[in-house]
Amino acid sequence: MLMHPNTGRSYPSPVPPGSGWPGDPATSRTPVATDAANVAALAYAATSIAELDAAISVCRACPRLVTWREDVALVKRRAFADQPYWGRPVPGWGSERPRLLIVGLAPAAHGANRTGRMFTGDRSGDQLYAALHRAGLVNQPTSVDAADGLCTRDIRIAAPVRCAPPANAPTPAERDTCAPWLDAEWRLVAPHVRVVVALGGFAWQIALRLTGGTGKPKFGHGVVAELPSGVRLLGCYHPSQQNMFTGRLTPAMLDEVFRDAKKLAGIK
(Lines give C-alpha, C1' and ligand atoms only; values in the text may rest on other atoms or scores of the structure.)
Protein backbone atom coordinates (compact mmCIF):
# COMPACT_ATOMS: atom_id res chain seq x y z
CA MET A 1 0.00 0.00 0.00
CA LEU A 2 1.32 3.40 -1.03
CA MET A 3 -0.05 6.91 -0.54
CA HIS A 4 -1.71 8.81 -3.39
CA PRO A 5 0.39 11.96 -3.95
CA ASN A 6 -2.65 14.26 -3.81
CA THR A 7 -5.30 12.74 -1.57
CA GLY A 8 -3.11 11.15 1.08
CA ARG A 9 -5.07 7.90 0.94
CA SER A 10 -3.24 4.60 0.53
CA TYR A 11 -3.91 2.06 -2.24
CA PRO A 12 -2.44 -1.15 -3.58
CA SER A 13 -1.11 -1.31 -7.13
CA PRO A 14 -3.02 -2.00 -9.33
CA VAL A 15 -5.96 -0.17 -7.73
CA PRO A 16 -9.03 -2.36 -7.06
CA PRO A 17 -12.31 -0.95 -8.42
CA GLY A 18 -14.43 0.81 -5.85
CA SER A 19 -11.56 1.45 -3.44
CA GLY A 20 -11.92 5.24 -3.50
CA TRP A 21 -9.35 6.25 -6.11
CA PRO A 22 -10.28 9.74 -7.33
CA GLY A 23 -12.50 9.55 -10.37
CA ASP A 24 -12.78 5.75 -10.35
CA PRO A 25 -16.03 5.06 -12.24
CA ALA A 26 -16.27 1.38 -11.23
CA THR A 27 -17.30 -0.57 -8.16
CA SER A 28 -16.61 -4.12 -7.06
CA ARG A 29 -19.88 -5.08 -8.83
CA THR A 30 -19.02 -3.63 -12.25
CA PRO A 31 -19.16 -6.40 -14.90
CA VAL A 32 -15.74 -7.44 -16.19
CA ALA A 33 -15.10 -8.18 -19.87
CA THR A 34 -12.81 -11.21 -20.21
CA ASP A 35 -12.75 -11.63 -23.99
CA ALA A 36 -13.62 -9.83 -27.21
CA ALA A 37 -17.21 -11.02 -27.18
CA ASN A 38 -17.69 -9.65 -23.65
CA VAL A 39 -16.25 -6.30 -24.72
CA ALA A 40 -18.63 -6.06 -27.66
CA ALA A 41 -21.65 -7.04 -25.55
CA LEU A 42 -20.92 -4.64 -22.67
CA ALA A 43 -20.07 -1.78 -25.03
CA TYR A 44 -23.27 -2.29 -27.01
CA ALA A 45 -25.35 -2.41 -23.81
CA ALA A 46 -23.93 0.79 -22.29
CA THR A 47 -26.57 3.52 -22.12
CA SER A 48 -24.48 6.27 -20.49
CA ILE A 49 -20.90 7.50 -20.39
CA ALA A 50 -20.73 6.65 -16.68
CA GLU A 51 -21.75 3.04 -17.34
CA LEU A 52 -19.32 2.77 -20.24
CA ASP A 53 -16.40 4.28 -18.33
CA ALA A 54 -16.95 1.85 -15.48
CA ALA A 55 -16.93 -1.17 -17.80
CA ILE A 56 -13.83 0.04 -19.65
CA SER A 57 -11.93 0.58 -16.41
CA VAL A 58 -12.14 -3.08 -15.34
CA CYS A 59 -11.69 -4.79 -18.73
CA ARG A 60 -9.42 -7.87 -18.78
CA ALA A 61 -10.00 -9.02 -22.35
CA CYS A 62 -6.39 -8.89 -23.61
CA PRO A 63 -4.10 -11.13 -21.50
CA ARG A 64 -0.83 -9.62 -22.76
CA LEU A 65 -1.97 -6.07 -21.98
CA VAL A 66 -3.36 -7.05 -18.58
CA THR A 67 -0.03 -8.66 -17.63
CA TRP A 68 2.00 -5.71 -18.89
CA ARG A 69 -0.02 -2.92 -17.30
CA GLU A 70 -0.10 -4.73 -13.94
CA ASP A 71 3.62 -5.60 -14.03
CA VAL A 72 4.40 -1.93 -14.69
CA ALA A 73 2.16 -0.98 -11.76
CA LEU A 74 4.10 -3.28 -9.47
CA VAL A 75 7.65 -2.56 -10.65
CA LYS A 76 7.09 1.20 -11.23
CA ARG A 77 9.54 3.80 -12.48
CA ARG A 78 12.08 4.99 -9.93
CA ALA A 79 10.70 8.55 -10.02
CA PHE A 80 7.27 7.24 -8.95
CA ALA A 81 8.37 4.37 -6.69
CA ASP A 82 6.61 5.93 -3.72
CA GLN A 83 3.23 6.16 -5.51
CA PRO A 84 0.44 3.66 -6.16
CA TYR A 85 -0.27 2.94 -9.83
CA TRP A 86 -3.78 2.73 -11.29
CA GLY A 87 -2.72 -0.24 -13.42
CA ARG A 88 -6.10 -0.64 -15.14
CA PRO A 89 -7.63 0.39 -18.47
CA VAL A 90 -8.14 4.13 -18.78
CA PRO A 91 -11.60 5.46 -19.70
CA GLY A 92 -12.19 8.68 -21.61
CA TRP A 93 -12.01 11.98 -19.77
CA GLY A 94 -14.05 15.16 -20.01
CA SER A 95 -17.56 16.27 -20.79
CA GLU A 96 -20.35 13.77 -21.41
CA ARG A 97 -21.76 16.24 -23.97
CA PRO A 98 -18.62 17.48 -25.72
CA ARG A 99 -18.56 19.73 -28.75
CA LEU A 100 -14.93 18.76 -29.34
CA LEU A 101 -13.59 15.19 -29.18
CA ILE A 102 -9.84 14.53 -29.10
CA VAL A 103 -8.68 11.06 -30.16
CA GLY A 104 -5.25 9.89 -28.99
CA LEU A 105 -3.53 6.51 -29.17
CA ALA A 106 -3.10 4.58 -25.90
CA PRO A 107 -2.18 5.27 -22.26
CA ALA A 108 1.48 5.69 -21.35
CA ALA A 109 2.93 3.09 -19.00
CA HIS A 110 4.00 5.64 -16.39
CA GLY A 111 1.47 8.31 -17.33
CA ALA A 112 -2.21 7.40 -17.48
CA ASN A 113 -1.44 3.83 -16.36
CA ARG A 114 -0.15 5.44 -13.17
CA THR A 115 -2.66 8.25 -12.69
CA GLY A 116 -5.84 6.67 -14.06
CA ARG A 117 -6.70 9.68 -16.25
CA MET A 118 -6.18 10.01 -19.98
CA PHE A 119 -3.04 11.93 -21.02
CA THR A 120 -2.16 12.67 -17.39
CA GLY A 121 1.24 12.41 -15.75
CA ASP A 122 3.52 12.25 -18.79
CA ARG A 123 5.20 14.74 -21.11
CA SER A 124 2.70 14.31 -23.92
CA GLY A 125 -0.07 15.24 -21.50
CA ASP A 126 1.95 18.18 -20.25
CA GLN A 127 2.04 19.60 -23.77
CA LEU A 128 -1.58 18.74 -24.58
CA TYR A 129 -3.21 20.22 -21.48
CA ALA A 130 -1.03 23.32 -21.57
CA ALA A 131 -2.26 23.95 -25.12
CA LEU A 132 -5.87 23.23 -24.17
CA HIS A 133 -5.58 25.74 -21.34
CA ARG A 134 -4.13 28.39 -23.63
CA ALA A 135 -7.14 27.81 -25.89
CA GLY A 136 -9.54 28.22 -22.97
CA LEU A 137 -10.75 24.62 -23.16
CA VAL A 138 -9.68 23.46 -19.68
CA ASN A 139 -9.44 25.32 -16.39
CA GLN A 140 -5.74 24.85 -15.67
CA PRO A 141 -2.50 24.29 -17.62
CA THR A 142 -1.32 21.17 -15.77
CA SER A 143 -2.62 17.63 -15.41
CA VAL A 144 -0.67 15.65 -12.84
CA ASP A 145 -3.14 13.26 -11.20
CA ALA A 146 -6.82 12.38 -11.07
CA ALA A 147 -7.49 14.64 -8.06
CA ASP A 148 -5.81 17.84 -9.25
CA GLY A 149 -9.01 19.75 -10.05
CA LEU A 150 -8.76 19.68 -13.85
CA CYS A 151 -12.16 20.17 -15.52
CA THR A 152 -13.78 21.13 -18.81
CA ARG A 153 -17.22 21.90 -20.20
CA ASP A 154 -16.63 21.36 -23.88
CA ILE A 155 -14.14 18.60 -24.67
CA ARG A 156 -13.66 14.88 -24.24
CA ILE A 157 -10.43 12.91 -24.71
CA ALA A 158 -10.56 9.26 -25.74
CA ALA A 159 -8.26 6.60 -27.19
CA PRO A 160 -8.73 3.53 -29.40
CA VAL A 161 -6.65 1.39 -26.99
CA ARG A 162 -7.33 1.68 -23.25
CA CYS A 163 -4.39 -0.23 -21.73
CA ALA A 164 -0.73 0.76 -21.80
CA PRO A 165 0.87 -1.58 -24.38
CA PRO A 166 4.44 -2.93 -24.32
CA ALA A 167 6.73 -0.72 -26.43
CA ASN A 168 3.67 1.51 -27.10
CA ALA A 169 2.59 -1.05 -29.71
CA PRO A 170 -0.71 -2.94 -29.32
CA THR A 171 -1.21 -5.87 -31.68
CA PRO A 172 -3.89 -5.73 -34.40
CA ALA A 173 -5.93 -8.26 -32.40
CA GLU A 174 -5.71 -6.08 -29.28
CA ARG A 175 -6.79 -3.01 -31.24
CA ASP A 176 -9.75 -4.92 -32.66
CA THR A 177 -10.77 -6.25 -29.25
CA CYS A 178 -10.69 -2.75 -27.77
CA ALA A 179 -12.50 -1.04 -30.68
CA PRO A 180 -16.08 -1.51 -29.40
CA TRP A 181 -15.33 0.67 -26.37
CA LEU A 182 -14.55 3.67 -28.57
CA ASP A 183 -17.44 2.84 -30.90
CA ALA A 184 -19.80 2.98 -27.92
CA GLU A 185 -18.24 6.19 -26.65
CA TRP A 186 -18.77 7.79 -30.05
CA ARG A 187 -22.38 6.57 -30.14
CA LEU A 188 -23.03 8.29 -26.81
CA VAL A 189 -21.31 11.60 -27.55
CA ALA A 190 -21.81 11.93 -31.33
CA PRO A 191 -25.05 13.98 -31.10
CA HIS A 192 -23.06 16.77 -29.44
CA VAL A 193 -19.70 16.64 -31.23
CA ARG A 194 -18.97 19.18 -33.95
CA VAL A 195 -15.22 18.71 -34.29
CA VAL A 196 -12.82 15.78 -33.82
CA VAL A 197 -9.08 16.36 -33.43
CA ALA A 198 -6.96 13.31 -34.32
CA LEU A 199 -3.53 13.16 -32.68
CA GLY A 200 -1.50 11.34 -35.30
CA GLY A 201 -2.14 9.29 -38.41
CA PHE A 202 -3.49 6.21 -36.65
CA ALA A 203 -5.98 8.31 -34.68
CA TRP A 204 -6.96 9.99 -37.99
CA GLN A 205 -7.89 6.63 -39.52
CA ILE A 206 -9.83 5.65 -36.39
CA ALA A 207 -11.68 8.97 -36.41
CA LEU A 208 -12.58 8.59 -40.09
CA ARG A 209 -14.06 5.17 -39.36
CA LEU A 210 -16.00 6.45 -36.36
CA THR A 211 -17.47 9.42 -38.17
CA GLY A 212 -18.37 7.75 -41.45
CA GLY A 213 -15.59 9.31 -43.49
CA THR A 214 -13.41 7.70 -46.15
CA GLY A 215 -9.66 7.31 -46.55
CA LYS A 216 -9.38 10.76 -48.13
CA PRO A 217 -8.10 13.31 -47.40
CA LYS A 218 -4.88 11.88 -46.02
CA PHE A 219 -3.65 12.80 -42.58
CA GLY A 220 -1.55 15.89 -42.17
CA HIS A 221 -1.01 18.46 -39.46
CA GLY A 222 -3.63 21.16 -39.83
CA VAL A 223 -5.61 19.25 -42.46
CA VAL A 224 -9.38 19.69 -42.11
CA ALA A 225 -11.77 17.04 -43.45
CA GLU A 226 -15.45 17.83 -43.96
CA LEU A 227 -17.28 14.59 -43.19
CA PRO A 228 -20.71 13.44 -44.43
CA SER A 229 -22.06 13.54 -40.88
CA GLY A 230 -21.35 17.29 -40.70
CA VAL A 231 -18.47 16.77 -38.29
CA ARG A 232 -15.13 18.35 -39.10
CA LEU A 233 -11.98 16.31 -38.54
CA LEU A 234 -8.71 18.12 -37.81
CA GLY A 235 -5.28 16.49 -38.02
CA CYS A 236 -2.61 17.23 -35.44
CA TYR A 237 0.80 15.67 -34.94
CA HIS A 238 0.87 13.71 -31.70
CA PRO A 239 2.39 15.79 -28.85
CA SER A 240 4.94 13.08 -28.10
CA GLN A 241 8.24 13.89 -26.47
CA GLN A 242 10.04 13.05 -29.71
CA ASN A 243 7.83 15.27 -31.87
CA MET A 244 8.20 18.20 -29.49
CA PHE A 245 11.94 17.71 -29.01
CA THR A 246 12.68 17.55 -32.73
CA GLY A 247 10.46 20.54 -33.51
CA ARG A 248 8.16 18.55 -35.77
CA LEU A 249 5.44 19.88 -33.49
CA THR A 250 5.73 23.14 -31.57
CA PRO A 251 3.52 24.79 -28.95
CA ALA A 252 2.53 27.36 -31.57
CA MET A 253 1.41 24.59 -33.93
CA LEU A 254 -0.67 23.02 -31.16
CA ASP A 255 -2.20 26.39 -30.38
CA GLU A 256 -3.22 26.89 -33.99
CA VAL A 257 -4.98 23.52 -34.15
CA PHE A 258 -6.97 24.06 -30.97
CA ARG A 259 -7.76 27.65 -31.84
CA ASP A 260 -9.22 26.42 -35.14
CA ALA A 261 -10.99 23.49 -33.46
CA LYS A 262 -12.60 25.75 -30.88
CA LYS A 263 -13.83 28.15 -33.57
CA LEU A 264 -15.21 25.38 -35.79
CA ALA A 265 -16.97 23.76 -32.81
CA GLY A 266 -18.66 27.04 -31.91
CA ILE A 267 -17.15 27.09 -28.43
CA LYS A 268 -17.09 30.55 -26.88
Side-chain angles (χ1 to χ4, degrees), residues 4-8 21-25 49 53 77 79-80 82-86 90-159 164 168 189 192-200 203 221-222 234-268:
H4 188 279
N6 191 312
T7 68
W21 186 270
D24 186 351
I49 287 293
D53 285 350
R77 177 174 283 172
F80 308 118
D82 61 343
Q83 297 182 20
Y85 271 51
W86 171 257
V90 182
W93 176 84
S95 172
E96 296 187 6
R97 299 167 61 91
R99 297 183 68 83
L100 169 60
L101 177 69
I102 300 168
V103 179
L105 299 177
H110 303 282
N113 188 57
R114 172 174 59 89
T115 65
R117 189 169 69 197
M118 196 67 71
F119 268 108
T120 296
D122 60 42
R123 292 186 179 179
S124 293
D126 292 344
Q127 297 290 344
L128 177 64
Y129 285 110
L132 291 172
H133 181 258
R134 291 192 297 270
L137 293 168
V138 296
N139 68 316
Q140 61 190 41
T142 57
S143 179
V144 295
D145 63 59
D148 63 8
L150 185 73
C151 63
T152 180
R153 294 182 303 173
D154 300 303
I155 70 168
R156 186 166 184 85
I157 304 176
N168 294 319
V189 302
H192 315 289
V193 174
R194 298 294 173 264
V195 173
V196 178
V197 172
L199 301 178
H221 183 84
L234 273 67
C236 180
Y237 291 142
H238 192 282
S240 65
Q241 184 176 356
Q242 180 178 3
N243 281 347
M244 301 300 295
F245 179 77
T246 61
R248 187 182 191 215
L249 180 64
T250 66
M253 292 166 68
L254 273 175
D255 289 348
E256 185 176 9
V257 165
F258 288 115
R259 183 169 60 245
D260 291 347
K262 182 178 179 180
K263 182 177 179 180
L264 291 171
I267 299 170
K268 302 300 183 182

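Residues: numbered from 1 along the sequence shown.
Every residue two or more places apart in sequence or in another chain that forms a side chain to side chain contact (heavy atoms under 4.5 Å, CB included) with P141 is listed here: H133. R134 pairs by the salt bridge (Lys or Arg N to Asp or Glu O under 4.0 Å) definition with D255, not counting sequence neighbours. With sequence neighbours excluded, the residues satisfying side chain to side chain contact (heavy atoms under 4.5 Å, CB included) with N243 are Y237, H238, S240, R248, L249. T120 is linked by a side chain to side chain donor-acceptor pair (under 3.5 Å) to R117, S143, counting only residues two or more places apart in sequence or in another chain. Residues passing the salt bridge (Lys or Arg N to Asp or Glu O under 4.0 Å) test with R156 are D53, E185, sequence neighbours excluded.
Under a 3.5 Å cut-off, the side chain of N113 and the backbone N or O of A164 do not form any donor-acceptor pair. Proximity of a side-chain donor or acceptor of T152 to a complementary backbone N or O of V138 within less than 3.5 Å is not detected. For the pair N139 (side chain) and G149 (backbone), a donor-acceptor distance under 3.5 Å is present. In this structure, Q140 contributes its side chain and D148 its backbone to a donor-acceptor pair below 3.5 Å.
Put simply, CZ on R153 and CG on L100 are 13.5 Å apart, with the number rounded to the nearest 0.5 Å. With rounding to the nearest 0.5 angstrom, the CG atom of L150 is 8.5 Å from the CG atom of L132.
The two atoms that bring D145 and A147 nearest to each other are OD1-N, 2.7 Å, heavy atoms only. Smallest separation of non-hydrogen atoms from G121 and T115: CA-CG2, 4.1 Å. The nearest pair of heavy atoms linking P239 to L199 is CD-CD1, 4.1 Å. The two atoms that bring Y85 and H110 nearest to each other are OH-ND1, 2.8 Å, heavy atoms only. The two residues F119 and G104 have their closest heavy-atom pair at CE1-CA, 4.1 Å. Shown here for T250 and M244, the closest heavy-atom pair between the two residues is C-CE, 4.0 Å.
In this pair, H4 and W21 present their aromatic rings perpendicular. The plane angle is above 60°, beyond the 30 to 60° band.
Counting only heavy atoms from C-beta outward, the side chains of P22 and N6 never approach each other to under 4.5 Å. In this structure the side chain of I157 reaches within 4.5 angstrom of the side chain of I102, judged on heavy atoms. Residues H221 and C236 form a side-chain contact, since some pair of their non-hydrogen atoms from C-beta on lies under 4.5 Å apart.
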Sequence neighbours left out, cut at 3.5 Å: what donor-acceptor pairs do the side chains of residues 258-268 make with other protein atoms?
unit_1, atom_1, unit_2, atom_2, d
K262, NZ, A135, O, 2.8

